[in-house]
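This report concerns only the one structure given below.
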Amino acid sequence: MTLILDPDEPGGWSDAPPAASALVDGLNPEQREAVEYRGPALLIVAGAGSGKTRVLTHRIAGLLESRDAWPSQILAITFTNKAAAEMRERVRHLLGDGADGMWISTFHSACVRILRREADAIGLSSTFTIYDSADTRVILKRIIKDLDADTMGFTPAGVQGKISKLKNELADADSYARNANMNDPHEVMFVEIFRQYARRLRDASALDFDDLIGETVYLFRAFPKTAALYQRRFRHILVDEYQDTNHAQYSLIHELTRPVAPELVDEMESQGLHVRSLADSSGSIPGASLTVVGDSDQSIYAFRGADIRNIVEFERDFPGARVVLLEQNYRSTQNILSAANAVIGNNFDRKDKKLWTAVGDGEKITGYTGYTAHDEAQFIADEIEALHRSGVDYRDIAVFYRTNAQTRALEEIFVRSALPYRVVGGTKFYERAEIKDAMAYLISVANPLDELALRRILNTPKRGIGPATVTALATFAEQNEISFRQAMRAAAGLGLGPKVTAAITALANLLDEAALMLVPPTPPADAPADAPAPASSVKVSDVLSHLLTGSGLLDALRNSRDPQDEARAENVDELLAQTKDFDKDNPDATLVDFLTQVSLVAAADDLDDASGTVSLMTLHTAKGLEYHAVFVTGIEEGLLPHQISASEPGGPAEERRLFYVGITRARVRLYLSLAMSRAQFGETNVALPSRYLQEIPEELIDWKQSPGMANSRGGTGPRALNARRQPGADRWGSSYNSDRFSVAASTKPARAAGAEWPNKVTAVRDNGDLTLDAGDRIRHADFGEGRVTQVTGEGTKKVAHVSFDSAGQKKLLIKIAPIEKI
DNA sequence: CGACTTGATGTTTTT
DNA sequence: CATCAAGTCG
């Protein structure tokens, strides 16, 4: 997508980079100030939809254009890969190749990049593995079992959360132990678990997500000379979503913006780094200029340590900082903003800030109360179809929910309605067992110390290596103080069965072979510092392919008689295809680069927004995005606010911000929906409308079916609803029924014609090779009779467009819809 | 050692 | 409900 000819040639700009004035053209005065201000510290308080990304990208472009910075002196940090990709894209749009050399990345990728480069200093292999939370849990589970800590009530998830929280505070086992009450056996045990966990990661040369930040901070603090390299390099640091930074990230920013002392400047100069020109009169290099953007009303990551004080106290941390407020919203209609303002206004202890727009009121918000989650989903599907027919592109429609579990009902209905959708962020692909298996092979090659990966592949596919053998290898490794991998190589001397020994040796050889593929001239033993063999002749896909064939993993899946293994084999093939794409897109990249990308950018496949599909995602994932039409679903007590957070200090306020984030994603149409009963792990429970719903002025919402209406329907509701009506259910039903919602009820008919709405979803069925043609009459289990108007699609994805006599237009997947020809 | 059964168990949000 | 852990038999 690069239209640029030659950045070195002045006339080479082809994508018409704006002239000096053009960068601030069309910006309001505040935005303009945020773009043009030059100084050590700038805080941009940017309300939702106030053009924050625009300001940031224009500011970056402006810094380059005014010669205040070279591209390589800029570090822009975002929280998500998606945000980073978007910013990169938009900067490139402004600058073309002039953007090359900038670091625009997430906290985590930036840290990985630094850590891989400086790994030696902190005794880490540059090919260190990045453990995800599933890996962490496996290790903790093992430790807890070894220590019999489960009898004391320790669970992997609980310990994981606590360790993560501590690491976000830059604590380690020792510093925690110093402050803990070590007379408490529970605390002693926790410290022991923490210690062992840290030791295992270190032994495996692995870091978890939190370590990526924490170790970088440690690196900078322990090695000022190393830190100085980055401090003098990055002269302009910009941080997005600053309200979501935790203490570790805050400290990282602090380290990076520290001035470089005169002695270090001299030392660097004497080593041939020309840095003196950067130094001021005192001989030190002043700290980088820092720009942070944030909105405390959108702080939704307290659970992972985000500290709202970081932004609130910015002016104190950086005296003399300029503060710019962006309050004009360019995204949403006034009705949507009024609802958002009304909701967030209920959070006390916040600086009052009111979003406004020049756009006009727009349409009212649409409300709907389903009897069940499926009913709610059906409403959403129908509305999406209506929007689509009225000309709204599927890709400009999004459905938000609080918990991932809520996708189930939505997906069931969407599949049935033949609605093109995709679940964003759920990124389950790399979490599938077979993919993790294949990845473990690659990891074992890249980082031979990673015992976790080795254990994973040891008996995958089945090689007859059981727990007994694994233990034997582990003890042998421990006794001889060698790595697990070396123990495998020495398996012949362990006196194991001949078959088992042969299997282990074969695997060890396979891995050695693959490692040799990567490092042509030198033996694999010593990790090449930062020199990915210049002529990287071997591709990631070649290595993977070699491993898959050599190990028999793919064959085992293909020849299995378990029908699910067929799909698994396809997934592995898909992974292979992805490595090929990776090789093509990144010709100079190494295996480790690929592994890093998978660990950190697993949601990369979400990036190609070209597909015309409706997006489903959690409210958390939704932050920073915007859509023409937005559905916020499951607005019920217990879900939003979520049960667990409702009782936590600050919980309800944070959940309210989450709701606020959801609302403010909508440009034109906003739908708020809930269900009167919701199935939560097996049982259906009565659900109450969320307290936040009441905070929206009633005149802003047009209820298609209000909570009152849904509740007063009586006998025709689903059994679960009638059988167990909690006292609280009636409270909403009656009190609200009588005043606000009944108004809507009396003026709005529940549903056009067929007021009987489908409540139940039958199990997935299979109509075999039922064929339908335009003109056929059919009967649908829920919608009644109708006439086929059109048939599209092929094979199992054949879709019948049906005009039902009472339920209107629907699209149905012929293969699985509950229909019959009549 | 591996395939199979039953039984318990846990449940927010993410890099 | 749905995955995961432990237990049993070949």
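Quick note on labels: first sequence line is chain A, next is B, and so on, each numbered from 1. Since this is a predicted model, take the numbers as computed values, not measurements.
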Quantified in whole Å, what is the P atom distance between nucleotide C:dC4 and nucleotide B:dT13? 16 Å

Need one value for [X]: base, sugar-phosphate or nothing, where a base atom within 4.0 Å counts as base even if backbone is also close, heavy atoms only.
{"X": "A:Arg137", "value": "nothing"}
{"X": "A:Thr155", "value": "nothing"}
{"X": "A:Phe79", "value": "sugar-phosphate"}
{"X": "A:Ala405", "value": "nothing"}
{"X": "A:Thr469", "value": "sugar-phosphate"}
{"X": "A:Lys499", "value": "nothing"}

Between atom [atom1] in [X] and atom [atom2] in [N], what is the gap in whole Å?
{"X": "A:Ile300", "N": "B:dT14", "atom1": "CD1", "atom2": "P", "value": "9 Å"}
{"X": "A:Leu625", "N": "B:dT14", "atom1": "CG", "atom2": "P", "value": "13 Å"}
{"X": "A:His620", "N": "B:dT13", "atom1": "NE2", "atom2": "P", "value": "9 Å"}
{"X": "A:Leu619", "N": "B:dT13", "atom1": "CG", "atom2": "C1'", "value": "9 Å"}
{"X": "A:Tyr430", "N": "B:dT14", "atom1": "OH", "atom2": "P", "value": "18 Å"}
{"X": "A:Lys165", "N": "B:dT12", "atom1": "NZ", "atom2": "P", "value": "13 Å"}
{"X": "A:Glu215", "N": "B:dT15", "atom1": "CD", "atom2": "C1'", "value": "16 Å"}
{"X": "A:Tyr401", "N": "B:dT13", "atom1": "OH", "atom2": "P", "value": "10 Å"}

Side chain of [X] (C-beta onward), nearest among [options]:
{"X": "A:Thr403", "options": "B:dC1, B:dT15, B:dT12", "value": "B:dT12"}
{"X": "A:Phe209", "options": "C:dA6, B:dT12, B:dT15", "value": "B:dT15"}
{"X": "A:Tyr301", "options": "B:dT14, B:dT12, B:dT15", "value": "B:dT14"}

Check your understanding: Is A:Phe303 stacked on the base of B:dT13, with ring centres under 5.5 Å apart and planes under 30° apart?
Key -> yes

The single option from A:Asp437, A:Asn571, A:Val572, A:Leu575 that satisfies side-chain contact (heavy atoms from CB on, under 4.5 Å) with A:Arg432 is A:Asn571

side-chain contact (heavy atoms from CB on, under 4.5 Å) with A:Ile77: of A:Phe107, A:Trp103, A:Tyr242, only one passes, and it is A:Phe107

Is the shortest distance from a Lys or Arg side-chain nitrogen in A:Glu637 or A:Arg691 to a carboxylate oxygen in the other one below 4.0 Å? yes

Going by heavy atoms in the side chains, are A:Glu241 and A:Asp295 under 4.5 Å from each other? no

* Less than 4.5 Å apart, any side-chain heavy atom of A:Leu140 and any of A:Phe154? -> no

*asked:* Within the supplied structure, the quantity of interest is the number of heavy atoms (other residues, nucleotides, ligands) at a distance under 6.0 Å from A:Tyr218 OH; does it exceed 12?
replied: no

Please check if the number of heavy atoms outside A:Lys165 that lie under 6.0 Å from its NZ is greater than 12.
no

**Message:** Before we go on, tell me: are the rings of A:His186 and A:Phe190 under 6.0 Å apart, centre to centre?
**Reply:** no

Expected list for residues 456-464 of chain A near DNA chain B, using heavy atoms below 4.0 Å, is A:Asn459, A:Lys462, A:Gly464

At less than 4.0 Å, is any side-chain N or O atom of [X] found next to OP1 or OP2 of [N]? Yes or no.
{"X": "A:Asn404", "N": "B:dT14", "value": "yes"}
{"X": "A:Lys141", "N": "C:dA5", "value": "yes"}
{"X": "A:Ser133", "N": "B:dT15", "value": "no"}
{"X": "A:Ser645", "N": "B:dT13", "value": "no"}
{"X": "A:Arg408", "N": "C:dA2", "value": "yes"}

- Is the NZ or CZ atom of A:Arg116 both under 6.0 Å from the centre of the six-membered ring of A:Phe128 and within 45° of that ring's axis? yes

